[in-house]
Asker: 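Can you keep this structure in mind? I'll have questions shortly.
Order of listing sets the numbers, starting from 1, for every ligand and every atom in it.
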Amino acid sequence: MKILMVCLGNICRSPLAHGVMEHLAHQNGLNWEIDSAGTGNWHIGAQPDRRSIAVARRHGIDISGQTCRQFEVADFERFDQILVMDYSNLNDVKALARNEEEHKKISLFLKDKIVPDPYHDDDQFDLVYQMIMKRCKEFVEEYTSTI
Ligand code: 4NP
């Protein structure tokens with residue numbers, strides 16, 4: 001499976017979701033391709049935010065090698081699922097979808113709620129990590145129970 005995680009900046013939430021899903025896929029012997037991107041272009045070429053790197057590192061996951069990039073229309077062809085962190089990301093990515101098949105690939109990462117943007121609040125990074133880890137575990141369990 002090829003999964004793209006998307007948030008606004010691609011420096012806080014989606015790099016964590018990318019790193020956590022990659023880690024769990026590897027642990028479970030799943031040959032998945034995981035990537036992340038931002039709808040915005042401010043941080044292109046940057047490393048993830050140091051607070052995301054730190055919270056991942058505290059849990060044994062290294063995301064420091066990731067490089068920020070912007071979502072592009074070609075991602076609809078490269079990925080099977082495009083998982084977005086909030087409704088603003090959902091609207092932005094949906095606005096770029098060109099047909100029903102592309103629309104169907106897009107969904108909220110947490111299904112019915114958002115992953116809050118922690119950029120302006122240092123204290124949110126732990127919560128964001130926990131939300132992301134819980135959903136990634138569920139996602140892998142849902143998948144492995146059907147194969
Ligand atoms: P992210 O957080 O979407 O989780 O990467 C943000 C990072 C940067 C900005 C906004 C949100 N920014 O405005 O630069």
Asker: Check this for me, if you would: do R98 and E77 make a salt bridge, where the nitrogen-to-carboxylate-oxygen distance has to be below 4.0 angstrom?
Answerer: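 Between E77 and R98 there is a salt bridge, with a charged N closer than 4.0 Å to a carboxylate O.
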
Asker: Looking only at protein heavy atoms, identify the closest one to atom 8 (C) of ligand 1 and say how far it is in Å.
Answerer: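 Atom 8 (C) of ligand 1 sits closest to the protein heavy atom H43 NE2, 3.4 Å.
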
Asker: Tell me which protein heavy atom sits closest to atom 1 (P) of ligand 1, plus the residue, atom name and distance to 0.1 Å.
Answerer: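 Ranked first by proximity to atom 1 (P) of ligand 1 is C7 SG, 3.5 Å.
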
Asker: Using distance alone, decide if ligand 1 has a nitrogen or oxygen within less than 3.5 Å of any nitrogen or oxygen in S14.
Answerer: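 The answer is no, given that S14 and ligand 1 share no N or O pair closer than 3.5 Å.
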
Asker: If you count the atoms of ligand 1 from 1 in the order shown, which ones are under 4.0 Å from a heavy atom of L8?
Answerer: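 Those of ligand 1 that fall under 4.0 Å from L8 are 3 (O), 10 (C), 11 (C).
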
Asker: Using a heavy-atom cut-off of under 4.0 Å, does the side chain or the backbone of D117 touch ligand 1, or both, or neither?
Answerer: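 Within the 4.0 Å criterion, D117 contacts ligand 1 through side-chain atoms alone.
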
Asker: Could you tell me whether a side-chain N or O of Q47 sits under 3.5 Å from a main-chain N or O of S64, the two making a donor and an acceptor?
Answerer: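 Checked: pair present.
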
Asker: Do you see a donor-acceptor pair shorter than 3.5 Å between the side chains of D92 and N89?
Answerer: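 No donor-acceptor contact under 3.5 Å links the two side chains.
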
Asker: Have a look at ligand 1 and work out which part of N10, if any, has a heavy atom under 4.0 Å from it: side chain, backbone, both or neither.
Answerer: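 It is the backbone that touches ligand 1; the side chain stays farther off.
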
Asker: Treating N28 as the side-chain partner and L30 as the backbone partner, does any N or O pair qualify as donor plus acceptor under 3.5 Å?
Answerer: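 Looks like no, no N/O pair under 3.5 Å.
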
Asker: Between M85 and ligand 1, which residue portion shows a heavy-atom distance shorter than 4.0 Å: side chain, backbone, both, or neither?
Answerer: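 It is neither; nothing of M85 touches ligand 1.
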
Asker: Give the atom numbers and elements of ligand 1 that come within less than 4.0 Å of a heavy atom of C12.
Answerer: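 In order of numbering, the contacting atoms are 1 (P), 2 (O), 4 (O), 5 (O).
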
Asker: Look at the side chain of N10 and the backbone N and O of R69, then say whether any donor-acceptor pair between them is shorter than 3.5 Å.
Answerer: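 Checked: pair present.
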
Asker: Do ligand 1 and P118 have nitrogen or oxygen atoms that lie under 3.5 Å from each other?
Answerer: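 No, P118 has no N/O under 3.5 Å of an N/O on ligand 1.
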
Asker: Any sub-3.5 Å donor-acceptor pair from D75's side-chain atoms to E72's backbone N or O?
Answerer: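 Such a contact is found between D75 side chain and E72 backbone.
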
Asker: Should the pair F76 and F71 be assigned to parallel (<30°), tilted (30 to 60°) or perpendicular (>60°) ring geometry?
Answerer: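 It falls in the perpendicular class, over 60°.
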
